[in-house]
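Worksheet: the structure to be examined is printed underneath.
Just so you know, these numbers come straight off a predicted model, no measurement behind them. So that the names make sense, note that chain A is the first sequence line, chain B the second, and so on, each numbered from 1.
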Amino acid sequence: MVQKSHGADLSVRSVRKVYTGRGQAVEAIQDLSFDVNAGELVCVVGPSGAGKTTLLRILAGLLPATSGEVTLGGTVVKGPPPGMAVVLQEYGRSLFPWMTVEKNVELPLKEKGVAKAERKRLVQEALEAVSLADAGKSYPWQLSGGMQQRVAIARAVAYEPQVLLMDEPFAAVDAQTRLELEDLVRALWRRLGVTVIFVTHDIDEAVYLGERVFVLSNRPTILLEEVKIDLGAERDQIETRTHPAFGRLRNHVYELVQQAKKGLRSIEDARLTH
Amino acid sequence: MTSRSTTRVPGWALGLAGVAVFLLLLQILPTAGVIDRRFFPPASEMFGALSSWLVAPQFWTALGQTLTTWITGLAIAFVAGSVLGILIGEIPGMRALTASTIEFLRPVPSVALVPLVVMLYGPTMQSTLILVVYASIWQVLLQVLAGVGSVDPVADDTARSYRFSLWTRVRTVTLPSALPYVMTGLRLAASVALILTLTGELLIGTPGLGSLLIDARASGQYPLIYALVLVAGALGLAVNLIFRQIERRTMFWHPSIRGEVAA
């Protein structure tokens, strides 16, 4: 089994992001502050164009914030930090088509300096964990979309990160595969104890997966509410989704996102029926 | 790949038929007196001259010299063009710094350098090599530059987030991404290098098929001139086929080559 690595806590302090390209400057993120505890699974939702991807790229150290800071396990993020893995929506482009599945999963480990025998073990276990133990010698493009995204997840898992960032990872896979992958992420998260930040536009998915759901406003983005999801540790696609508490939470988040779309900028101004 | 033509005749058969028609015309036009037979002998005479030359050691020596110049020039152009391309493409600011110089030097015809190289090296292989390298390096350089710039931003984000070193990134992400461009550059460069090899031999008289051609003209052996032209054409064809094969082998993963898959 892949070792239980200890998650790191993540803290975001007054992060602001202004894009200054051609023409006028665009303020994507106005002011975001929040904390994610070590080993927590937090989902981030918001209307489309809410700067979710911008936020994730800042957390990943791929994009510098205009002001404010992100700290991971007490260290300020200034570039992609060690101990962080990212799973992106576009699996077809984040996996390297010129390498076999095995090599794709192994490459980050090699770069990290993991010894050969250990690499072999980690790759094998990670592929087993996503039920792709037999696909190691295939090329990514020989697999279905859902399988490719599982390879990307295996690559992240084998890396033994403390924090796993996922940017709408299941937006491009079909609905059935999506449910399977959601359960896979929950299972891996519980087994590994890693901190997970999961960005999605799917409200049901966010409520189903998360321990907490962060609801973002329209751009320039602020945090509207941190919704606690008290659905217990065991989640089940049928049981959980038909539970009254799930429906209540889902409706609450849905209403918030709908009003955020129309320009809601403070939870005090929200007109909520749930 | 098979062509998607609606006819049932396979592509290679059509290709052969085309060649046959061409040869037939070459045979008929001079024999029928449509064109002057002295300067344009029929195909049978060209092949006759060719077959008698195929047993002459002189011919094989010349062919070897031509191939040596060509391959050496191509190799130099390829390595230098690739290294320069990667450096210019990867080091920030280098593109802007070099763009105008490259655009100035690139259109200078290699042949314009003939007087200069003759002055420097005389009628030696080096002279022709310089022409070959100068002409073909641009094909490689510009394609490598385009290729280095074509790295998918998602692939690049992935490499950065897993903290790949610059060297790993170049080796495992940049180069494979650039490969389709590099291959096109190599194939173009191979043809250009062959053309300039023969040009150099013809104009400067460095040893090879080109200088045999000059000798043939000087001694009035017109069928031989055509035989050598046929050899040059065959070389060009072979070069193209070889590089297409290399392309298919190295880019098996590329959507243009891997064809349809189940996914």
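- Of the atoms belonging to A/Arg155, heavy atoms from both backbone and side chain fall under 4.5 Å from chain B.
- Atom CG of residue A/Leu165 and atom OG of residue B/Ser161 lie 8.5 Å apart, to the nearest 0.5 angstrom.
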Taking it one step at a time, do A/Leu107 and B/Thr172 satisfy side chain to side chain contact (heavy atoms under 4.5 Å, CB included)?
-> CA-CA 9 Å; A/Leu107 186 59; B/Thr172 63; 3.7 Å; yes
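- Both the backbone and the side chain of A/Leu62 come within contact range of chain B, each with at least one heavy atom under 4.5 Å from a heavy atom of that chain.
- For the atom pair OH of A/Tyr159 and CZ of B/Arg163, the computed distance is 6.0 Å after rounding to the nearest 0.5 Å.
- A 6.0 Å sphere centred on CZ of B/Phe22 holds no more than 12 heavy atoms belonging to other residues, nucleotides or ligands.
- No more than 12 heavy atoms of other residues, nucleotides or ligands sit less than 6.0 Å from atom NZ of A/Lys103.
- Here the OG1 atom belonging to B/Thr158 is positioned 14.5 Å from the OH atom belonging to A/Tyr91, to the nearest 0.5 angstrom.
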Verdict with supporting geometry, B/Asp157 and A/Arg57, side chain to side chain contact (heavy atoms under 4.5 Å, CB included) | CA-CA 9 Å; B/Asp157 274 357; A/Arg57 286 173 58 84; 2.3 Å; yes
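- Contact annotation for A/Pro82: both backbone and side-chain heavy atoms come within less than 4.5 Å of a heavy atom of chain B.
- For A/Glu111 (side chain) and B/Tyr162 (main-chain N/O), no donor-acceptor pair under 3.5 Å exists by modelled atom type.
- Without hydrogens or angle criteria, A/Trp98 side chain to B/Ser177 main chain gives no donor-acceptor distance under 3.5 Å.
- A/Met99 touches chain B through its side chain: at least one heavy atom from C-beta onward sits under 4.5 Å away, while N, CA, C and O do not.
- Between the side chain of B/Arg160 and the main chain of A/Pro80, no donor-acceptor pair closer than 3.5 Å is present.
- Taking CG of B/Asp156 as the start and CZ of A/Arg93 as the end, the distance is 11.5 Å to the nearest 0.5 Å.
- The number of heavy atoms from other shown groups lying within 6.0 Å of CD (A/Glu118) is above 12.
- Listed here is the closest heavy atom pair of A/Pro108 and B/Phe164: CA-CE1, 3.9 Å.
- Comparing A/Ala152, A/Ala60, A/Gly79, A/Pro81 by heavy-atom pairs within less than 4.5 Å of chain B, the highest count is held by A/Pro81.
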